[in-house]
Amino acid sequence: MAYSSKVLDHYNNPRNVGSFPKEAADVGTGVVGAPECGDVMKLQLKINPEGVIEDARFKTFGCGSAIASSSYVTELVKGKRIEEAMAIKNSAIVQELNLPPVKIHCSVLAEDAIKAAINDWKAKHGKQVEATPADKAAQG
Amino acid sequence: MTQAQCPSCARLQAPRLFCPDCGAPLAVELDYFTALGLSRRLTLDSGQLETLYHDLGRRLHPDRFANRRAAIRNASLNATALLTRAFRTLRDPVSRGLYWLELHGEKLAADNKRVPPELAEMIFEMQETLAQLRDAASGSKPERENLRAQVASAHQRVETMLQDALTELHGNFERWDASVNPNPDLLVQLKAILSRIAYLRTLARDLERALELHDLR
C-alpha cells in the first residue's frame, strides 16, 4: 500500500516527539491502543489555567499512519482551547493525511488520544470529565 | 437453518458440507464449527481437527468432481474454500477466540481503546530501550552489547507473558465449554485477553526485529 506524501512527511519528520513529566499539574496524558493491530499511542498536552493547549508531545508505536496521525494532531491542537480540541473529529485527520479506508482506525485512535489527554488534565483539576468510548468500555 | 438442495441427487439436506446420500458437495454457507462437523466448543483437539480437515478435504476435492456438472464443480470449490478457512481459523487458539467474538456479535476493536496502564507502561519502557539500541549503532561496543542484552531480556519477558496469556486464554475457553448459560463476563474477559495478546505480539515482533537488525550489523 502506498502512503500519501503527507503521511510520509510526518513519518519521516515527526513533529513533537517526546514526553512531558506525567505528574506535572499542567500536563494531561492520554494513552490509547488499537487491539486489532497492537498499536499504542501516548499523547501529552500542556494546558494553561485558561484551558488553552500550549504544547503537545507524542510517542506512538505502530504503523506509519498511526505515527503520522499523532504527529499531525500535536500540531493541530497547539493554541486551541480544550473545548475546540475536544471537538476535533477523526475525519479532519483522514482528510489532511489522505488516509486510505484500512487506516481510518489510526485517525480514530488519535482523536481518542486527544480526548483521553484532556480528560486526564481535567481530572487533575477536579473538573467534570466527559465519558469517552474508551471509558465506557472500561466500565462495561 | 434452512435446508440445502443437493446439486447432484436433488434431495433436501440439513446444512453441511456434502450430501449424506450421494456424497456430492453442497453449496451452503456454514459457520466454521458446523463446516468441520464439530459442536461449538472452544477447547479443540488439534489432532482431531487435522484429521477432520484432511478427511473432508479428500471427499470434497475438486478433482473428484472434474467431470460433473458446473453446479457440482462449483459447490466443490466453494465447500473446499470454506473448509480451508474453517480449519485455518479454528486451528490457532487466538484466531479461534477472535472468531468466537464474531459469532457472539462482538469485535475486538469495538469500544476497546484503553490499554491496561501497567502494560502500556511496560511497552513504552521497552520501546525506549529499543530506540536506544537503534541510536547506539555508532556507539562503543560494550555499550551496544549492554543494550542488546537489555533488549534480549525484554524479549524473554514478553515471550513469557505471551505464554501466560495463552494459558489464560485456554482457561477462558474451558470456562465457556463448562457453562450451559455462559456468563456475559466470559466475553469481556475473552476480549481483554485477546487484546493483551495483540499488544504483546506487536511488542515481541518489534523486539525481535531490533535484535535481528542489530546482529546483522
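Heavy atoms only: backbone and side chains are in, while hydrogens, waters and symmetry mates are out.
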Is the count of non-hydrogen atoms from other residues, nucleotides or ligands lying under 6.0 Å from [X] atom [atom1] greater than 12?
{"X": "B/R157", "atom1": "CZ", "value": "no"}
{"X": "A/F20", "atom1": "CZ", "value": "yes"}
{"X": "A/K22", "atom1": "NZ", "value": "no"}
{"X": "B/R91", "atom1": "CZ", "value": "yes"}
{"X": "A/Q95", "atom1": "CD", "value": "no"}
{"X": "B/R144", "atom1": "CZ", "value": "yes"}

Review point. Using 4.0 Å as the upper bound for N to carboxylate O, is an ion pair formed by A/E36 and B/K107?
Key: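 Answer for the salt bridge query: no.
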Specify the closest pair of heavy atoms between [X] and [Y], including all atoms of both residues, with the distance to one decimal.
{"X": "B/A198", "Y": "A/P35", "answer": "CB-O, 3.0 Å"}
{"X": "A/V108", "Y": "B/K113", "answer": "CG1-NZ, 3.5 Å"}
{"X": "B/V115", "Y": "A/V32", "answer": "CG2-C, 3.6 Å"}
{"X": "A/D39", "Y": "B/Y199", "answer": "O-CE2, 3.6 Å"}

Check your understanding: So how far is it from A/F61 CZ to B/L203 CG, rounded to the nearest 0.5 Å?
Key ->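 Output value for this atom pair is 9.5 Å.
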Point to revise | Pairs of heavy atoms under 4.5 Å with chain B: top-ranked of A/A113, A/A34, A/G30 | key: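 Of A/A113, A/A34, A/G30, A/A34 has the most heavy-atom pairs under 4.5 Å with chain B.
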Point to revise | Segment of B/S195 engaging chain A (4.5 angstrom heavy-atom cut-off) | key: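 Contact with chain A is through both the backbone and side chain of B/S195.
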Check your understanding: Should the pair A/K42 and B/F124 be classed as cation-pi, given the thresholds of under 6.0 Å to the six-membered ring centre and 45° from the axis?
Key ->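 The answer is yes, since A/K42 meets both limits relative to B/F124.
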